[in-house]
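One structure below.
We're numbering straight along the sequence, starting at 1.
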Amino acid sequence: MRGIFLNSAYFGLVISIIGYAIGVILNKKLKIYFLNPLLISIIFIIVFLLIFNIDFENYNQGGKYLSYFLTPATVCFAIPLYQQLELLKKNMKAIIFGLSAGVLLSLGSILGLSYLFNLTHTHYVTLIPKSITTAIGIGLSEELGGIKTITVAAIIITGVFGNISAVGICKIFKIKEPIAVGLAIGSSSHAMRTSKAIEIGEIEGAMSSLSVAVSGLLTVITSIFASFL
């Protein structure tokens with residue numbers, strides 16, 4: 001059985017899709033908020049590789065093809081944004097200030113925690129892209145001299161946690177304005193949490209989609225200066 005997996009060029013791709021499909025089914029059937037499909041797929045893949053003693057390199061021969069879809073998937077978020085273009089124009093100032101605050105708070109918290117836990121400069125720049133989409137975050141981490149694998153892990157953890165906690169946090173702080181909800185979700189937990197925003201409503205999804213793109217751009221710009229700290 002192990003030999004069949006190792007000899008298949010698309011083994012990693014197939015097992016990833018199966019794991020995600022299981023996560024989707026569990027999420028829909030059980031209606032438990034922390035059963036995020038991506039989280040379930042990650043756990044499924046790790047357990048599968050451990051049981052059959054398969055190295056990550058063998059898995060990634062097929063699993064790497066999934067990364068090719070990151071950029072086009074991110075671009076697709078422009079669709080709900082275009083549908084709410086008039087709303088965007090009417091609330092331009094609030095949106096700009098909200099996104100700027102989100103990006104600065106993210107970078108500031110990383111800097112503060114890095115000093116608190118005595119992290120090295122390499123670790124600091126590795127964590128800078130944690131709240132932006134993977135397609136942008138990987139390139140930014142490499143450019144700043146960070147550790148790409150840790151960056152990917154930080155982005156995924158941030159996204160999964162954001163997806164799970166989005167609705168609950170908005171309820172706790174009584175955030176009901178659709179634009180505010182969308183901006184908060186997109187600027188803190190990138191594309192993964194944006195999928196949750198789209199489930200909440202069209203306006204929330206559109207604003208979160210905007211946040212993914214603009215927050216990514218602002219993070220790239222501000223991180224150039226932050227990397228010297």
Side-chain angles (χ1 to χ4, degrees), residues 1-2 4-6 8-74 76-77 79-80 130-135 137-138 149-173 175 178 181-182 184-202 204-209 211-212:
M1 180 67 73
R2 182 174 181 272
I4 296 176
F5 296 143
L6 294 180
S8 175
Y10 300 102
F11 151 69
L13 177 62
V14 173
I15 201 67
S16 299
I17 294 174
I18 292 174
Y20 191 81
I22 292 174
V24 171
I25 293 172
L26 289 176
N27 185 270
K28 289 183 177 180
K29 292 289 186 181
L30 301 179
K31 302 293 184 181
I32 302 177
Y33 67 92
F34 61 82
L35 289 180
N36 180 273
L38 182 60
L39 178 61
I40 297 299
S41 65
I42 291 173
I43 296 173
F44 174 79
I45 292 169
I46 291 174
V47 172
F48 189 93
L49 296 183
L50 289 175
I51 291 176
F52 290 96
N53 193 28
I54 299 174
D55 294 331
F56 174 77
E57 288 74 18
N58 296 118
Y59 158 79
N60 200 43
Q61 289 179 6
K64 63 183 179 182
Y65 294 114
L66 286 172
S67 63
Y68 298 157
F69 296 97
L70 287 174
T71 300
T74 303
C76 287
F77 285 123
I79 296 175
K130 73 172 183 63
S131 293
I132 61 177
T133 184
T134 310
I138 292 176
T149 51
I150 297 180
T151 298
V152 173
I155 292 173
I156 291 176
I157 291 172
T158 301
V160 170
F161 179 77
N163 188 288
I164 292 173
S165 62
V167 176
I169 291 177
C170 288
K171 287 182 178 179
I172 291 173
F173 291 96
I175 304 174
V181 172
I185 288 175
S187 61
S188 60
S189 300
H190 53 82
M192 197 180 304
R193 197 170 177 181
T194 296
S195 62
K196 174 61 68 174
I198 293 175
E199 293 177 11
I200 298 173
E202 292 183 4
E204 290 88 344
M207 294 302 105
S208 188
S209 299
S211 298
V212 171

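- Atom CD1 of Ile17 sits about 12.0 Å away from atom OH of Tyr10, to the nearest 0.5 Å.
- Using a 30° and 60° split on the angle between ring planes, Phe11 and Phe48 fall in the tilted class, from 30° to 60°.
- The number of heavy-atom neighbours closer than 6.0 Å to OH of Tyr68, taken from other residues, nucleotides and ligands shown, is above 12.
- Interatomic distance, CG of Leu35 versus CD1 of Ile43, reported as 9.0 Å (0.5 Å rounding).
- Note that the CD1 atom of Ile25 and the CG atom of Leu30 stand 11.0 Å from one another [nearest 0.5 Å].
- Put simply, the side chain of Asn27 does not reach to within 4.5 Å of the side chain of Asn36, judged on heavy atoms.
- Of the possible donor and acceptor atoms, one in the side chain of Ser41 sits under 3.5 Å from a partner among the backbone N and O of Leu38.
- Between Thr151 and Ile138 there is no side-chain heavy-atom pair separated by less than 4.5 Å.
- Atoms OG1 and CD1, on Thr133 and Ile155 in that order, are 7.5 Å from each other to the nearest 0.5 Å.
- One finds the CD1 atom of Ile22 at 9.0 Å from the CD1 atom of Ile40 (value rounded to the nearest 0.5 Å).
- From Ile175, atom CD1 reaches atom CD1 of Ile185 across 9.0 Å, with rounding to the nearest 0.5 Å.
- Looking at Ser188, its side chain does come within 3.5 Å of a backbone N or O of Ala184 through a donor-acceptor pair.
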